[in-house]
Amino acid sequence: MSGLAWAFSRDLTLAWRHPGEAMLTLAFFVLVASLFPLGIGADPQLLARVGPGVIWVCALLAAFLGLPSLFASDHADGTLEQMALSADPIAAWVSGKIAAHWLSTGLPLTLLSPLLGLQYGLPADALVTLGAALLLGTPVLSLLGAACAALTLGARGGGMLLALLALPLFVPVLVFGAGAAEATAAGLSASPHLSLLGAGLLVAAVSVPFAVGSAIRIALD
Amino acid sequence: MNEARLAVRSLAATRGPATLFRELSFELAAGEIAAVRGPNGSGKTTLLRCVAGLTRPDHGEIQRSGALLFSGHLPGIKDDFNAEENLCVALRMRGLQPGEAAIHGALARVGLESRRRVPARRLSAGQRRRITLARLALDDAKLWILDEPLAALDADGEAVLGQLLARHLESGGLALVATHHDLPLARAAREIRLQP
Amino acid sequence: MNFFYFSSPSTFFRLAGRLAPAFFILAAVLAAAGLYVGLVQAPTDAVQGEVYRVIFIHVPAAWMSMFIYFVMACYGAMALTFNSRLSAMMARALAPTGAMFTFVALWTGAFWGRPTWGTYWVWDARITSELVLLFLYLGFIALSNAFEEPRRGDRAASLLSIIGIVNLPIIYFSVQWWNTLHQGSSIKLTGSSMHVTMLTAMLLMTFAAWMYAIAASLVRVRSVILERERRARWVRDLGRT
Amino acid sequence: MEGHGFYLAMSYGMAAVAIVVELVALALGRARAWKQVEEERSLEAQD
């Protein structure tokens with residue numbers, strides 16, 4: 001587990017060194033979320049109905065934008081290959097990096113989402129579910145996104161290619177994430193959605209780091 | 001303590017359609033150093049990366065005993081970290097927990113003592129290379145794989161590298177070095193020549 | 001002849017050269033039979049009249065789009081575990097054909113939806129999942145061509161196809177769940193009992209599509225092999241075949 | 001149920017177009033591959 005420890009603390013310190021990046025992700029999230037009312041009109045009923053879905057799509061896009069920072073700079077300055085040659089298994093330190101990445105992108109999005117929910121006039125219990133769904137969903141986005149980011153290391157077409165690879169994999173997370181908040185807003189129970197998200201998180205947390213590891217080995221080959 | 005050893009048997013690697021080298025075999029026993037020489041593009045870096053286990057060769061087998069330290073073209077240094085932090089992270093990655101004194105001693109030895117708090121971004125290429133030298137002073141890996149270690153080093157930088165290499169070999173370590181320069185070592189190194 | 005005999009590019013190149021025309025002919029024959037049975041012999045459907053005959057294209061295309069992705073993932077897994085270049089080339093050769101079938105499935109789905117549900121684009125579970133599958137194909141093709149070193153693209157795309165095949169059922173399940181939540185279940189295809197000629201037409205067309213897919217990918221893999229091995233001796237001695 | 005011929009025609013038509021497009025693409029791919037082989041041969045012939 002020591003691999004997870006040094007990778008987590010290393011990446012967290014790096015994230016603290018220039019918080020601008022995390023701020024940008026948050027700013028993007030708020031900006032895109034406030035574009036929708038300008039586009040679809042400010043009718044409260046409509047906004048409340050589309051609120052959960054819109055906020056989830058914006059959170060998903062914001063999380064996606066944070067992905068390149070995971071491996072790109074380490075790949076460029078050679079620290080990624082040093083990590084690959086470290087004493088710890090690749091899946092361990094990769095998990096540490098993804099956890100640190102989630103802490104600086106996914107978690108802030110989750111904490112900010114109730115505010116945006118208010119902007120869309122969501123009822124209080126829907127805000128809670130929205131937050132819970134994002135809390136369980138954003139780590140899965142970081143995990144799946146990390147696999148795609150590792151696959152596109154050193155590839156032409158950068159951001160667009162990463163979007164083409166990652167967004168289709170995000171579909172189930174979006175469906176159950178947005179579905180949870182909508183269910184609460186409609187007075188139904190959101191527990192099936194949340195439990196599926198939780199199951200997805202557990203499975204992803206255990207299996208995806210190995211896929212990321214082999215993607216990194218391919219990138220360093 | 002079993003003897004550190006490196007055995008490479010009929011190694012082959014290609015870059016795209018072109019074959020870099022074929023049927024390459026050599027062995028390094030404890031205390032031995034091999035210099036890999038050859039013109040640019042002859043596959044020196046690929047050979048080193050194969051031995052380090054980063055690149056998968058098309059054919060052939062590599063047997064290593066013990067941990068290895070790889071220093072490639074890329075510096076392996078974060079610009080946002082200062083010299084001390086870079087050194088700490090590099091050693092922690094290798095499962096080593098050096099004390100404050102050891103870190104300072106190593107940085108002093110390579111002449112970075114005064115600049116250990118400066119972010120690596122503001123260090124010169126030569127100074128950044130010295131962070132790797134400090135790692136060589138502290139790391140206990142038995143096999144060193146160095147790609148052009150003399151690049152960007154000035155005269156006394158080379159002297160420090162020579163001392164570190166000598167001490168490493170005396171303590172039964174192995175070294176595989178790709179370089180165009182003469183190695184700052186008293187004894188001659190075995191030569192592995194790669195044709196273009 | 002060991003297991004890997006056919007996996008050396010030069011021998012497979014010749015083998016594919018002989019097999020491809022045979023599969024094309026087989027595909028044409030089966031397709032002709034299928035179309036005849038489907039368009040001429042099959043009776044008019046009580047509910048949908050003539051327009052249901054679109055299923056003789058829509059269903060085989062949709063089925064092939066999923067089957068080809070599965071085969072690509074298998075080749076991808078072989079390419080990564082056995083480090084076999086030929087499997088990776090085969091996966092790369094299959095992708096465009098799979099993407100074509102996915103597009104045809106989407107297009108025919110839309111033109112079947114219009115008369116039956118009144119809109120071209122129906123957010124039906126199957127059709128929406130098919131759209132996501134199209135993105136997976138495009139992602140595979142884009143990734144395999146995103147690197148200078150073709151072998152690097154092969155390995156990355158092979159791993160992506162494995163990640164894709166694992167996620168595909170989850171995507172289908174989530175879209176299915178999402179669809180029943182929003183719109184109630186769409187018309188079940190197999191609800192109305194299938195007249196025997198409809199079934200035979202469907203099977204004939206499916207096998208025709210399968211033969212065609214094999215033929216097309218064999219031709220494409222030959223081009224890929226030529227490009228990859230253009231410096232090899234056996235390629236230089238090849239007469240133009 | 002008249003007028004459905006249009007939808008049938010569009011579906012089968014597009015399927016046919018898709019297959020023709022792919023066959024053309026295959027032929028072009030083959031030509032490009034052979035061109036590269038010829039280039040390699042001419043390069044080889046020079047040195």
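Labels below follow one simple rule: chain letters A, B, ... track the order of the sequence lines, proteins then strands, and each chain is numbered from 1.
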Problem set entry | E182(A) CD to W178(C) CH2 distance, which is reported to the nearest 0.5 Å | 10.5 Å

Exercise. Given the options A219(A), G157(A), A183(A), S207(A), which has more heavy-atom pairs under 4.5 Å with chain C than any of the others?
Worked result: A219(A)

Problem set entry | F28(A), CZ atom: more than 12 neighbouring heavy atoms under 6.0 Å | yes

Exercise. So, for L151(A) and A156(C), which heavy atoms are closest and what is the spacing to 0.1 Å?
Worked result: CD2-O, 3.4 Å

Exercise. Hey, which of V212(A), V208(A), L169(A) is the one that makes side chain to side chain contact (heavy atoms under 4.5 Å, CB included) with I163(C)?
Worked result: L169(A)

Exercise. Given a strict heavy-atom distance threshold of 4.5 Å, which part of A147(A) is in contact with chain C: side chain, backbone, both, or neither?
Worked result: side chain

Exercise. With a 4.5 angstrom heavy-atom cut-off, which part of E149(C) approaches chain A: side chain, backbone, both or neither?
Worked result: neither

For this session: Identify which part of L168(C) has an atom lying under 4.5 Å from any heavy atom of chain A, answering side chain, backbone, both or neither.
Result: neither

Exercise. So how far is it from R155(C) CZ to D221(A) CG, rounded to the nearest 0.5 Å?
Worked result: 4.5 Å

Exercise. Shortest non-hydrogen contact from L136(C) to P168(A)?
Worked result: CD2-CB, 3.9 Å

Problem set entry | From F170(A) atom CZ to N167(C) atom CG, the distance as rounded to the nearest 0.5 Å | 10.5 Å

Seminar exercise, completed: One should read off an interatomic distance between L167(A) CG and F135(C) CZ, to the nearest 0.5 angstrom, of 9.0 Å

For this session: Starting at CG of L80(C), measure out to CZ of R217(A) and round the result to the nearest 0.5 Å.
Result: 11.0 Å

Seminar exercise, completed: Minimal heavy-atom distance between V175(A) and S174(C), with the atoms involved, is CG1-O, 3.4 Å

Exercise. Is chain C contacted by the side chain of A166(A), its backbone, both, or neither, given a heavy-atom distance below 4.5 Å?
Worked result: neither

For this session: Hey, could you give me the CZ/CD1 distance between R151(C) and I218(A), rounded to the nearest 0.5 Å?
Result: 11.5 Å

Problem set entry | R49(A), CZ atom: more than 12 neighbouring heavy atoms under 6.0 Å | no

Seminar exercise, completed: Looking only at heavy atoms, the pair that brings A142(C) and L161(A) closest together is CB-CD1, 3.4 Å

Exercise. Under 6.0 Å between the ring centres of W177(C) and F176(A)?
Worked result: yes

Exercise. Does Y75(C) OH have over 12 foreign heavy atoms under 6.0 Å away?
Worked result: no

For this session: Evaluate whether atom CZ of F207(C) has more than 12 neighbouring non-hydrogen atoms of other residues, nucleotides or ligands under 6.0 angstrom away.
Result: no

For this session: Taking the side chain as every heavy atom from C-beta outward, state whether L159(C) and S214(A) have any atom pair closer than 4.5 Å.
Result: yes

For this session: Work out which heavy atom in L196(A) is nearest to a heavy atom in F173(C); give both atom names and the distance.
Result: CD1-CE2, 4.2 Å

